[in-house]
Number of protein chains: 2
Amino acid sequence: MRLVVADCSARYSGRLAAQLPFATRLLVVKADGSVLLHSDGGSYKPLNWMSPPCTLLVHEPSEEQADQGVTQVWTVQHHKSDDRLEIELHAVHHDSAHELGVDPGLIKDGVEAHLQELLAAQIELLGSGYTLVRREYPTAIGPVDILARDAQGGSVAVELKRRGDIDGVEQLTRYLELLNRDPLLAPVRGVFAAQEIKPQARVLATDRGIRCLVLDYDAMRGVDDVESRLF
Amino acid sequence: MRLVVADCSARYSGRLAAQLPFATRLLVVKADGSVLLHSDGGSYKPLNWMSPPCTLLVHEPSEEQADQGVTQVWTVQHHKSDDRLEIELHAVHHDSAHELGVDPGLIKDGVEAHLQELLAAQIELLGSGYTLVRREYPTAIGPVDILARDAQGGSVAVELKRRGDIDGVEQLTRYLELLNRDPLLAPVRGVFAAQEIKPQARVLATDRGIRCLVLDYDAMRGVDDVESRLF
DNA sequence: GATTGGATTTCGTCA
DNA sequence: TGACGAAGTCCAATC
């Protein structure tokens with residue numbers, strides 16, 4: 001990994017065209033050839049970048065560029081597309097290289113997966129007398145998160161989201177349309193369950209006869225902990 | 001901006017819990033307090049990070065940590081949530097600070113906007129005898145990208161995407177449902193136009209009687225250039 | 001300030 | 001390998 005702090009300007013062309021005016025920035029060149037241009041603020045997203053696989057070519061400035069104070073020109077060309085990043089470096093304030101080695105990568109807990117697990121274990125949160133049929137119930141257009149039966153034996157399809165917006169309601173609607181063609185299941189009712197449900201999603205769901213259920217993740221986790229401790 | 005290359009491990013807790021095993025990484029501390037942990041590969045996304053506003057506290061390792069070779073402990077706490085990032089630094093290979101100043105930011109050309117402009121100017125791409133009614137035709141749930149009329153005077157609503165997937169078809173479906181309630185327009189047919197259309201989106205569109213149209217951006221731009229040169 | 005839709009999205013997972 | 005859904009998504013325009 002090479003770290004450069006320099007006054008620079010840049011141009012990107014590929015899926016769009018964009019330019020970065022002259023300023024002091026951090027340039028990171030990774031071992032796989034990818035390049036990041038970071039400013040001293042904003043989020044984790046660089047101002048501009050080139051994803052691997054790509055090649056960095058460093059060359060001399062033209063006479064005209066040199067007259068304007070350019071000392072190096074970096075050209076980063078993507079291998080599989082026309083994406084290209086050109087950086088003009090003026091004053092270089094820092095330049096160092098480091099051996100980092102391979103990273104073992106991030107290990108993370110599930111979120112929606114964990115929520116699904118918890119709701120399956122606490123299916124009575126849907127209502128008294130509910131029973132689980134199965135998680136990831138397969139359909140032609142993909143698996144439904146949870147299929148359950150209510151106290152009267154009626155089928156209930158559950159779509160789970162961390163944040164419930166309009167897309168999730170559309171998704172559940174498609175599943176319901178398909179499931180209701182199955183005479184062994186129909187009629188199938190829908191439940192849209194999420195930690196947070198956006199107002200527009202709630203309106204759309206209600207309009208389509210889909211019940212909305214807000215889940216308290218911490219409470220569900222707490223119950224789960226208590227139950228675990230009992231055994 | 002502070003740049004540190006160090007052997008480290010890290011834990012994140014907040015909207016999820018995650019851990020980073022011991023490895024050599026780049027740590028970037030930005031002027032706004034945000035912290036990025038980068039490996040020597042992958043994309044522009046850091047392995048882990050903390051977004052601003054947040055505060056970095058550097059403190060001494062506990063005796064137990066020191067025994068394991070930890071030389072510094074960084075705690076990054078988000079100001080408005082419980083998000084927290086803890087980094088244990090072992091050997092520090094590099095540590096430098098730099099003044100970058102404020103960045104003017106990225107200036108970019110439009111993409112979907114440009115595509116819309118080009119298609120409006122080359123509306124005959126939809127078919128012989130087509131005429132433009134208007135771009136951004138307003139409806140109660142938002143503007144339709146392009147409204148046109150075919151050679152027979154029938155209304156046609158166009159949804160434009162750079163990459164056409166199922167969401168775009170859903171969006172156009174909602175527009176068509178609404179537009180077809182207007183007796184002055186109905187019947188309104190739909191065209192789903194994109195530089196690339198995903199198979200599932202094509203299936204769904206076709207199933208709903210929506211025509212799919214793949215656009216050649218470069219060719220459209222080329223035609224535009226030629227036309228510009230004529231005037 | 002909340003919401004919505006796009007992104008040079010990136011990143012998994014699964015068929 | 002391609003497609004699809006999720007993301008600690010981020011981000012800007014709009015209401």
Expected output: side-chain B/Asp7 to main-chain B/His90 donor-acceptor under 3.5 Å: no
So what is the 5' to 3' dot-bracket string for DNA chain C, if pairs are Watson-Crick or G-U wobble with both distances under 3.5 Å, crossing pairs use [ ] and | means the partner sits on another strand? |||||||.|||||||
From CD1 of B/Ile107 over to P of D/dC11, roughly how many Å is that when rounded to an integer? 17 Å
Please report, rounded to the nearest Å, how far the C1' atom of C/dT13 is from the CG atom of A/Asp145. 14 Å
Is it the case that the side chain of B/Glu88 and the backbone of B/Gln65 share a donor-acceptor pair, with hydrogens and angles ignored and the cut-off at 3.5 Å? no
Between A/Arg149 and A/Ser155, do the side chains contain a donor N or O and an acceptor N or O under 3.5 Å apart? yes
Length of the CD-C1' vector between A/Glu159 and D/dA6, whole Å: 12 Å
Whole angstroms only, please: what is the CG-C1' distance between B/Asp103 and D/dC11? 16 Å
Roughly how many Å is it from CZ in A/Arg202 to P in C/dA2, rounded to a whole number? 17 Å
How is B/Tyr12 classified with respect to the nucleic acid when contacts are heavy atoms under 4.0 Å: base, sugar-phosphate, or nothing? base
Identify which nucleotide among C/dT9, D/dC10, C/dC11 has an atom closest to any side-chain atom of B/Trp49, counting heavy atoms from C-beta outward. D/dC10
Exam field: side chain B/Arg211 to backbone B/Leu126, donor-acceptor pair closer than 3.5 Å: yes
Tell me what A/Leu106 touches on the nucleic acid: a base, only sugar-phosphate, or nothing, going by heavy atoms under 4.0 Å. nothing
Which nucleotide in the set C/dT10, D/dA6, D/dC11 lies at the smallest distance from any side-chain heavy atom of B/Tyr44? C/dT10
Whether over 12 other heavy atoms sit under 6.0 Å from B/Arg11 CZ: no
Without decimals, in angstroms, what is the distance between A/Glu170 CD and C/dT4 C1'? 14 Å
Taking any heavy-atom pair under 4.0 Å as a contact, classify B/Ser51: base, sugar-phosphate, or nothing. base
Heavy atoms only, 4.0 Å cut-off, all strands: where does A/Met50 land among base, sugar-phosphate and nothing? nothing
Using the test side-chain contact (heavy atoms from CB on, under 4.5 Å), find all partners of B/Val214 that sit at least two apart in sequence or belong to another chain. B/Ile197, B/Arg202
Could you pick out which residue, A/Lys80 or A/Lys161, lies toward the 5' side of DNA chain D when each is mapped onto its nearest nucleotide? A/Lys80
Of A/Asp83 and B/Lys45, the one whose closest DNA chain C nucleotide lies more 5': A/Asp83
A/Gln195 CD to D/dA6 P, straight-line distance once rounded to whole Å: 14 Å
Distance (rounded to the nearest 0.5 Å) between A/Gln19 CD and A/Ser9 OG: 9.0 Å
In whole Å, I'd like the distance from the NZ atom of A/Lys30 to the P atom of C/dT10. 12 Å
From the set C/dT10, D/dA6, C/dG6, return the single nucleotide nearest to any side-chain atom of B/Ser43. C/dT10
